[in-house]
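The structure under discussion appears below in the form of structure tokens.
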Amino acid sequence: MASEPTAVAGAPAPLPAAPRRRPPCVLSFSLARDRFLRRRFLSAGLRPFSIRLPSPAGAGTTVHVWAPPRPARRPVLLLHGFGASATWQWASYLRPLLAAGFDPIVPDLLFFGDSCTPAADRSEVFQATAVKAAMDAIGVRRFDVVGVSYGGFVAYQMAAMYPEAVDRAVMVCAGVCLEETDLAAGLFPVAGVAEAAELLVPSRPADVRRLVHLTFVRPPPIMPSCFLRDYINVMGSDHNQEKTELLHTLINGRKLSDLPKISQPTLIIWGEQDQVFPMELAHRLERHLGEKSRLVVIKKAGHAVNLEKDKEVCKNIVQYLREPILSAPNGEKEAQLH
């Protein structure tokens with residue numbers, strides 16, 4: 001990929017990223033932080049690209065991606081969870097990954113940040129298809145994938161659908177083994193999909209405050225409503241209906257028996273005090289994947305472990321991805337575990 005985006009043979013063409021649209025605001029902490037984080041991405045050598053995808057990925061679908069102008073090292077795809085755009089969730093991971101010899105590639109999932117689609121499909125399969133088409137467009141054919149929370153659902157699907165492309169997976173508090181019946185059984189702090197949508201797609205300061213208290217072990221002691229309202233207006237007011245539909249599609253009718261078993265070596269990272277996706281789901285995933293998985297539990301951390309304990313999470317990711325992958329006797333790839 002050149003410094004100016006160019007088309008890849010047989011793949012959709014990346015276009016220069018359009019500037020983000022923001023509501024007018026005289027003084028906005030959230031807008032200032034968003035600009036600061038975007039500058040951190042730029043200073044780390046990443047550049048923004050908007051990639052328009054044709055069918056079958058979805059005509060009219062646009063995936064926004066931060067990537068090095070010329071990815072030349074080992075690519076690591078970072079998939080964010082619900083909340084603000086990808087820059088807010090992955091900024092602190094860029095420098096350590098680059099220093100370890102990796103090229104971080106950071107897309108906005110559909111209906112987050114600057115990624116969108118007119119398609120009606122709300123499944124994580126469609127998200128995975130769109131992200132893979134974007135990776136093809138920038139010429140990245142093989143990569144490791146890291147997904148946090150909802151991003152882990154998409155990462156898992158990419159590993160299942162594209163085993164020839166995904167070498168290793170890292171799942172951070174990604175409850176892919178949940179079942180719809182778990183909600184009624186009381187495993188989660190919400191009793192239904194509608195309540196989950198109110199929590200994860202907040203529209204009031206009280207909703208944001210509750211979400212922060214559920215996801216952080218040590219939430220900020222003071223969260224003024226004016227700051228929370230500003231965050232909602234700047235970062236959390238777009239595509240709320242579509243995000244709610246993503247949650248309904250994710251949870252409705254979900255059964256563990258329908259979940260494929262991915263073949264890639266997989267690192268599972270979990271916050272010990274996760275209240276959104278409790279530890280039970282981490283153990284389910286470890287049992288589901290068997291000997292090719294490894295579980296790391298982060299102490300004194302909740303669901304937002306990627307933010308609350310970012311240095312520890314990043315260290316585990318780097319150490320795991322730097323381990324060699326050996327060829328097993330049957331020709332399959334197998335991670336060498338130490």
note = So the side-chain hydrogen bond (donor to acceptor under 3.5 Å, both in side chains) pairs with at least one residue in residues 173-194 (sequence neighbours excluded) are Asp182-Arg284

request  = Over all heavy atoms of both residues, which pair between Phe49 and Ala67 is shortest? Give the atoms and the distance, please.
outcome  = CE1-O, 3.8 Å

query = To the nearest 0.5 Å, how far apart are OG in Ser293 and NZ in Lys261?
reply = 8.5 Å

ask   = Does some side-chain heavy atom of Tyr93 sit less than 4.5 Å from a side-chain heavy atom of Val76?
value = no

Derivation of the side-chain contact (heavy atoms from CB on, under 4.5 Å) call for Met171 and Ile269 = CA-CA 6 Å; Met171 311 291 289; Ile269 300 177; over 6 Å; no

inquiry  = Less than 4.0 angstrom from a charged side-chain N to a carboxylate O is my criterion; do Asp258 and Lys255 meet it?
reply    = no

ask   = Considering only heavy atoms from C-beta outward, does the side chain of Phe277 approach that of Ser149 to under 4.5 Å?
value = yes

inquiry  = Is there a side-chain contact between Arg229 and Ile232 in this structure, where contact means two heavy atoms from C-beta onward sitting under 4.5 Å apart?
reply    = no

query = Can you tell if the side chain of Leu259 reaches within under 4.5 Å of the side chain of Arg254, non-hydrogen atoms only?
reply = yes

inquiry  = Looking only at the aromatic ring of each residue, does the gap between the centers of Phe29 and Tyr231 stay below 6.0 angstrom?
reply    = no

key: Minimum heavy-atom distance between Glu308 and Gly302, given as atom pair plus value   = OE1-N, 3.4 Å

query = Would a 4.5 Å heavy-atom cut-off, applied to side chains only, mark Leu46 and Pro104 as touching?
reply = yes

request  = Can you spot which of Ile105, Val166, Val154 makes a side chain to side chain contact (heavy atoms under 4.5 Å, CB included) with Leu77?
outcome  = Ile105

inquiry  = Within the 4.5 Å heavy-atom criterion, are Asp144 and Val170 side-chain neighbours or not?
reply    = no

key: Arg38 side, atom CZ; Arg33 side, atom CZ - distance, nearest 0.5 Å   = 14.0 Å

Heavy-atom donor-acceptor pair, Asp108 side chain to Ala86 backbone, under 3.5 Å = yes

key: Any residue meeting side-chain hydrogen bond (donor to acceptor under 3.5 Å, both in side chains) with Thr266, in chain and number order, not counting sequence neighbours   = none

task = Would you kindly check if the NZ (Lys) or CZ (Arg) of Arg294 is within the cone defined by 45 degrees around the ring axis of Tyr320 and under 6.0 Å from the six-membered ring centre?
result = no

message = Once rounded to the nearest 0.5 Å, what's the spacing between atom CD of Gln127 and atom CG of Leu109?
response = 5.0 Å

remark   = The ring-ring contact (aromatic ring centres under 6.0 Å, His included) partners of Phe41 (sequence neighbours excluded) come to Trp66

Inter-residue atom distance Asn233.CG - Leu228.CG, 0.5 Å rounding = 11.0 Å

inquiry  = Could you go through Phe153 and Gln157, starting from their C-alpha distance and side-chain angles, then the distance that decides it, and tell me whether this counts as side-chain contact (heavy atoms from CB on, under 4.5 Å)?
reply    = CA-CA 6 Å; Phe153 286 78; Gln157 283 296 333; over 6 Å; no

Backbone of Leu321 reached by a side-chain donor or acceptor of Arg168 within 3.5 Å = yes

Side-chain heavy atoms of Arg95 within contact of Ser43, under 4.5 Å = yes

key: Residue that, paired with Lys315, satisfies side chain to side chain contact (heavy atoms under 4.5 Å, CB included) out of Gln319, Glu312, Lys311   = Gln319

Full working for salt bridge (charged side-chain N to carboxylate O under 4.0 Å, His left out) between Arg74 and Asp103 = CA-CA 6 Å; Arg74 190 166 150 197; Asp103 275 335; over 6 Å; no

inquiry  = Run Leu79 and Met158 through side-chain contact (heavy atoms from CB on, under 4.5 Å) and show every step you take.
reply    = CA-CA 11 Å; Leu79 301 181; Met158 293 189 74; 4.2 Å; yes

query = Side chain of Lys299, backbone of Glu272: donor and acceptor closer than 3.5 Å?
reply = no

task = Report, as yes or no, whether the 6.0 Å neighbourhood of atom CZ on Arg322 holds more than 12 heavy atoms from other residues, nucleotides or ligands.
result = no

note = Output for pair (Leu178 CG, Leu285 CG), nearest 0.5 Å, gives 11.0 Å

message = Would you compute the distance between atom CD1 of Ile317 and atom CG of Leu97 and round it to the nearest 0.5 angstrom?
response = 7.0 Å

request  = Spell out, yes or no, whether Leu98 and Val318 are grouped together once hydrophobic residues are joined by side-chain heavy atoms under 4.5 Å, including indirect joins.
outcome  = no

Least distance between heavy atoms, Pro163 atom then Gln264 atom = CA-NE2, 3.5 Å

message = Evaluate Ser30 against Asp230 for side chain to side chain donor-acceptor pair (under 3.5 Å), listing each step before the verdict.
response = CA-CA 6 Å; Ser30 298; Asp230 172 60; 3.0 Å; yes

ask   = If you take all heavy atoms of Leu247 and Ala196, which pair is closest and at what distance?
value = CD1-O, 4.1 Å

inquiry  = Give me the atom names and distance for the closest heavy-atom approach of Ile51 to Ala134.
reply    = CD1-O, 3.7 Å

query = Counting N and O atoms only, with roles assigned by atom type, does the side chain of Ser115 sit under 3.5 Å from a partner on the main chain of His64, one being a donor and the other an acceptor?
reply = yes

Test log, rule side-chain contact (heavy atoms from CB on, under 4.5 Å), inputs Tyr162 and Glu164 = CA-CA 5 Å; Tyr162 308 108; Glu164 75 289 347; 3.8 Å; yes

task = Measure the acute angle between the ring planes of Phe112 and Tyr150, then classify it against the limits of 30° and 60° as parallel, tilted or perpendicular.
result = tilted

Which donor-acceptor pairs under 3.5 Å do the side chains of residues 211-225 make with protein atoms, sequence neighbours left out?
from, atom 1, to, atom 2, distance (Å)
Thr215, OG1, Leu211, O, 2.8
Thr215, OG1, Val212, O, 3.4
Ser225, OG, Arg209, NH2, 3.1

ask   = Do the non-hydrogen side-chain atoms of Leu246 and Leu110 ever get within less than 4.5 Å of each other?
value = no

inquiry  = Going by salt bridge (charged side-chain N to carboxylate O under 4.0 Å, His left out), name the residues that satisfy it together with Glu245, two or more places apart in sequence or in a different chain.
reply    = Arg122

Pair Glu280 + Arg287: basic N to acidic O under 4.0 Å = yes

query = Judged by atom type as modelled, is there a donor-acceptor pair below 3.5 Å linking the side chain of Asp207 to the main-chain atoms of Arg204?
reply = yes

query = Can you name the side chain to side chain contact (heavy atoms under 4.5 Å, CB included) partners of Gln89, sequence neighbours left out?
reply = His80, Val148, Asn306

